[in-house]
Amino acid sequence: MVRWEQPKFPERSLHMLNNAKTAVLLASMGALIMVLFGAIGGSSSWLLIGLVFALASIGASYWFSDKLAITAARAQEVTEAQYPQYFATVRDLTARTGLPMPRLYVAPNPQPNAFATGRNPDHAAVCVNEGLMQMLTWEEISGVLAHEISHVRNRDILTTSVAAAIAMGITFVARMAMWGALLGGGRNDREGGGIGDLFMIILAPIAATMLQLALSRNREFEADASAARILGTGEPLARALEKLEIGAQRIPVQVNPAQAQAYIVNPLNAKQAFSKMFSTHPSTAERISRLRGGDWR
């Protein structure tokens, strides 16, 4: 059993800053979907419809995100008799953070990876891939599990699921509006529509996606820092991330792109040279550097 130092949680300033960034990003996405509906309809009633649509997206994500994630991963719930070390490690972490014990799953996936899901700590689940169990030591697995427990503690699963739902909703509405404009619907030039609305319809999905991805990266950094504080050191997670990055490159898997952001490292092509603005995860090298540099203290 891995033994840890008593966690020393730092001042709340960094935590408050990260939460403030999250609130701004979510508010920006909510405003964006309302503006998009306003561009389509050109009246206050359409703004109200936009708000209702956003709330409906949030509600659906809130209730069903865990079931969708577990089903997509083909994961099976496991028992303590099957995985005693898995249960013992998570039980210790939840005791240290004051959280209830989540449901534990294992996915038949050879790629070393993991994710957490659930709308709140009372309905949380943690899932690890079989490949993670095979490639990492238990000290490194403890770092991964501390990261996932931190997501549960910080309610990141709900936050990022809501952001993803809103972004997908904005994209869907924008496509509908595009077809409507091509067929002669929407506002006309006399009502203040025209080319400006067309630009809004085109740019809104791009802006929504960038906001969603920025929020996802922000929450990954916060979960890394929180995991290091729980363990009293960032080294187990840093070593785990090194192996996970290599595993993601060497063992390609089929994962729904909508679920990719839930994993601790991007389970898709880790070699893709995307701009930071269009990445679901921060640079693994930067995450490791922060963990080993003590930025989490």
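Bear in mind the structure is a predicted one, so any value in this text is a computation, not a measurement.
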Inset, instruction - Look only at the side chain of W296 and the backbone of A228, and say whether a donor-acceptor pair between them is shorter than 3.5 Å. - result: no
Inset, instruction - Carefully, step by step, assess E222 and R229 under the rule salt bridge (Lys or Arg N to Asp or Glu O under 4.0 Å). - result: CA-CA 11 Å; E222 175 64 15; R229 292 194 290 267; 3.4 Å; yes
Legend entry - Under 3.5 Å donor-acceptor, E148 side chain and A116 backbone: yes
Legend entry - Sub-4.5 Å side-chain heavy-atom contact between V152 and P102: no
Inset, instruction - Keeping the roles fixed (side chain from N154, backbone from S150), state whether a donor-acceptor pair exists under 3.5 Å. - result: yes
Legend entry - Heavy-atom closest pair, residues A248 and V265: CB-CG2, 4.4 Å
Inset, instruction - Keeping to residues at least two apart or across chains, list the salt bridge (Lys or Arg N to Asp or Glu O under 4.0 Å) pairs with something in residues 67-80. - result: E80-R91
Legend entry - Carboxylate-amine/guanidinium proximity below 4.0 Å for R292 and E242: yes
Legend entry - From CG (L237) to CD1 (I230), nearest 0.5 Å: 10.5 Å
Inset, instruction - Please tell me if the side chains of L231 and L93 come closer than 4.5 Å, counting only heavy atoms from C-beta onward. - result: yes
Inset, instruction - Apply side-chain contact (heavy atoms from CB on, under 4.5 Å) to P252 and list each qualifying residue two or more places apart in sequence or on a separate chain. - result: none
Legend entry - Test side chain to side chain donor-acceptor pair (under 3.5 Å) applied to T94 - qualifying residues, sequence neighbours left out: none
Legend entry - Any donor-acceptor pair under 3.5 Å from S289 side chain to A285 backbone: no
Legend entry - Side chain to side chain, Y86 and V106, heavy atoms closer than 4.5 Å: yes
Inset, instruction - Go through the structure and list residues passing side-chain contact (heavy atoms from CB on, under 4.5 Å) with Q82, not counting sequence neighbours. - result: V78, T79
Legend entry - side-chain contact (heavy atoms from CB on, under 4.5 Å) against A240, all qualifying residues, sequence neighbours excluded: L136, E140, V144
Legend entry - Six-ring centre of F221, R287 cation under 6.0 angstrom, axis tolerance 45°: no
Legend entry - E130: partners by salt bridge (Lys or Arg N to Asp or Glu O under 4.0 Å), with sequence neighbours left out: none
Inset, instruction - Indicate yes or no: at least one non-hydrogen side-chain atom of N266 is less than 4.5 angstrom from one of T284. - result: no
Legend entry - Check: Q261 and E220 side chains under 4.5 Å, non-hydrogen atoms: no
Inset, instruction - List the steps and the verdict of side-chain contact (heavy atoms from CB on, under 4.5 Å) for L132 and L244. - result: CA-CA 8 Å; L132 182 140; L244 296 179; 4.0 Å; yes
Inset, instruction - Report yes if the side chains of D224 and R290 come closer than 4.5 Å at any heavy-atom pair, otherwise no. - result: no
Inset, instruction - Mind running side-chain contact (heavy atoms from CB on, under 4.5 Å) on T117 and H123 for me, showing each step along the way? - result: CA-CA 8 Å; T117 186; H123 298 85; over 6 Å; no
Inset, instruction - State which residues pass side chain to side chain donor-acceptor pair (under 3.5 Å) with Q111; sequence neighbours excluded, sorted by chain then number. - result: N113
Inset, instruction - First locate atom CG of D122, then atom CG of N120, and finally report the distance between them rounded to the nearest 0.5 Å. - result: 5.0 Å
Inset, instruction - Return yes if some donor-acceptor pair links the side-chain N/O of S226 with the main-chain N/O of A223 below 3.5 Å, else return no. - result: no
Inset, instruction - Just jot down the side-chain contact (heavy atoms from CB on, under 4.5 Å) partners of A75, sequence neighbours excluded, or say none. - result: I70, A73, Y105, A107, C127
Inset, instruction - Output all residues satisfying side chain to side chain donor-acceptor pair (under 3.5 Å) with N129, sequence neighbours left out; order by chain, then residue number. - result: none
Legend entry - Summary of ring pair (Phe, Tyr, Trp, His ring centres under 6.0 Å) pairs that have at least one residue in residues 235-264, sequence neighbours excluded: F115-Y263
Inset, instruction - Taking the side chain as every heavy atom from C-beta outward, state whether L213 and H281 have any pair of such atoms under 4.5 Å apart. - result: no
Legend entry - Side chain to side chain, R103 and D66, heavy atoms closer than 4.5 Å: yes
